[in-house]
Amino acid sequence: NTYNCVAFTMKHLLSRIAVKFTGAANLNADYSYNVTNIKVAGAYASGVYTINGGTWAGSGKMANSLSFTDVSGVKANTPAIPDNAYVIIPGAAPLTISFTAQVVFGSKAISEIPYTITLNQTDDDTDVTFKNNTSYTLNVILPAPGQEIKFSISTVAGFGNGGEVPVEL
């Protein structure tokens with residue numbers, strides 16, 4: 001008997017999200033950040049996928065936050081990426097990103113700053129509709145001490161391209 005391979009194209013029905021932390025370009029070389037308690041909350045708890053038309057209708061909120069591993073030693077223009085990512089039901093759920101950034105000068109921690117931002121609450125740059133078969137990275141630009149923190153969202157190869165959306169506090 002001869003068996004032939006069957007070719008098919010697989011597409012993910014879910015969106016994938018990850019986070020990345022980068023020190024701002026103007027962050028003095030003596031400063032770095034340790035980032036802890038990284039959470040994303042508010043992803044849809046359930047959803048219905050309509051095959052004919054390929055659309056999702058998400059509903060409810062997940063009871064638990066998605067927790068990411070801590071990162072340390074974040075310096076200027078040097079990304080630090082937690083070791084984990086999650087798949088979520090696509091759509092425009094109001095995701096809340098929160099974390100604590102510990103400012104380090106030399107080798108001494110000098111302050112801790114909690115940050116929280118919610119996506120998809122207003123009609124601005126924090127809006128993003130997560131699409132199926134697409135991977136997104138929530139990129140957090142950690143500022144020089146005393147400066148505004150900035151976020152952006154970009155896609156990761158392998159799922160498709162959902163674009164980049166800047167998110168600012």
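Side-chain contact between L14 and N132 is absent, with no heavy-atom pair separated by less than 4.5 Å. You'll find the side chain of L95 stays beyond 4.5 Å of the side chain of N120, heavy atoms only. The shortest distance between side-chain heavy atoms of Y115 and I117 does not fall below 4.5 Å. Looking only at side-chain heavy atoms (C-beta outward), T55 and Y49 stay at 4.5 Å or farther from each other. With contacts defined as side-chain heavy-atom distances shorter than 4.5 Å, the pair F130/I89 does not qualify. Looking at L142 and F99, their side chains come closer than 4.5 Å, going by heavy atoms from C-beta outward. The side-chain heavy atoms of L66 and I88, taken from C-beta on, include a pair separated by under 4.5 Å. Side-chain contact between L119 and P94 is absent, with no heavy-atom pair separated by less than 4.5 Å.
Contact detail for A85 and A18: the closest heavy-atom pair is CB-CB, 3.9 Å. The nearest pair of heavy atoms linking A93 to A43 is CB-CA, 4.4 Å. When all heavy atoms of A80 and V71 are compared, the closest pair comes out as CB-CB, 3.8 Å. Of all heavy-atom pairs spanning A92 and T129, the tightest one is CB-OG1, 3.9 Å. Across every non-hydrogen atom of V74 and G23, the tightest pair is CG1-N, 3.4 Å.
For D70 (side chain) and N34 (main-chain N/O), no donor-acceptor pair under 3.5 Å exists by modelled atom type. Of the possible donor and acceptor atoms, none in the side chain of Y31 sits under 3.5 Å from a partner among the backbone N and O of A76. No donor-acceptor pair under 3.5 Å is formed between the side chain of N26 and the backbone N or O of P143.
Checked against side-chain contact (heavy atoms from CB on, under 4.5 Å), D30 has the following partners two or more places apart in sequence or in another chain: N28, F105.
At a threshold of 4.5 Å between side-chain heavy atoms, the hydrophobic network of Ile, Leu, Val, Met, Phe, Trp and Tyr places I81 and V35 in two separate groups. In the hydrophobic clustering of ILVMFWY residues, with side-chain heavy atoms under 4.5 Å counting as a link, F21 and V104 come out apart. By the criterion of side-chain heavy atoms lying less than 4.5 angstrom apart, applied directly or through intervening Ile, Leu, Val, Met, Phe, Trp or Tyr residues, W56 is grouped together with I51 in one hydrophobic cluster.
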Practice task
Run the numbers on K131 and Y136 for side-chain contact (heavy atoms from CB on, under 4.5 Å), then give the verdict.
Solution key: CA-CA 9 Å; K131 297 177 182 168; Y136 299 85; 3.7 Å; yes
Handout entry: Steps toward side-chain contact (heavy atoms from CB on, under 4.5 Å) verdict (I113, T100)
Key = CA-CA 6 Å; I113 307 163; T100 301; over 6 Å; no
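Atoms NZ and OH, from K61 and Y44 in turn, are 10.0 Å apart once rounded to the nearest 0.5 Å. Rounding to the nearest 0.5 Å gives a distance of 16.0 Å between OG of S15 and OH of Y86. Annotation: the span from K20 atom NZ to T137 atom OG1 amounts to 6.5 Å, rounded to 0.5 Å. How far OG1 of T22 is from CG of N77: 8.0 Å, rounded to the nearest 0.5 Å. Taking NZ of K39 as the reference point, atom CD1 of I97 lies at 14.0 Å (rounded to 0.5 Å). The OG atom of S98 lies 6.0 Å from the CG atom of N37; values are rounded to the nearest 0.5 Å.
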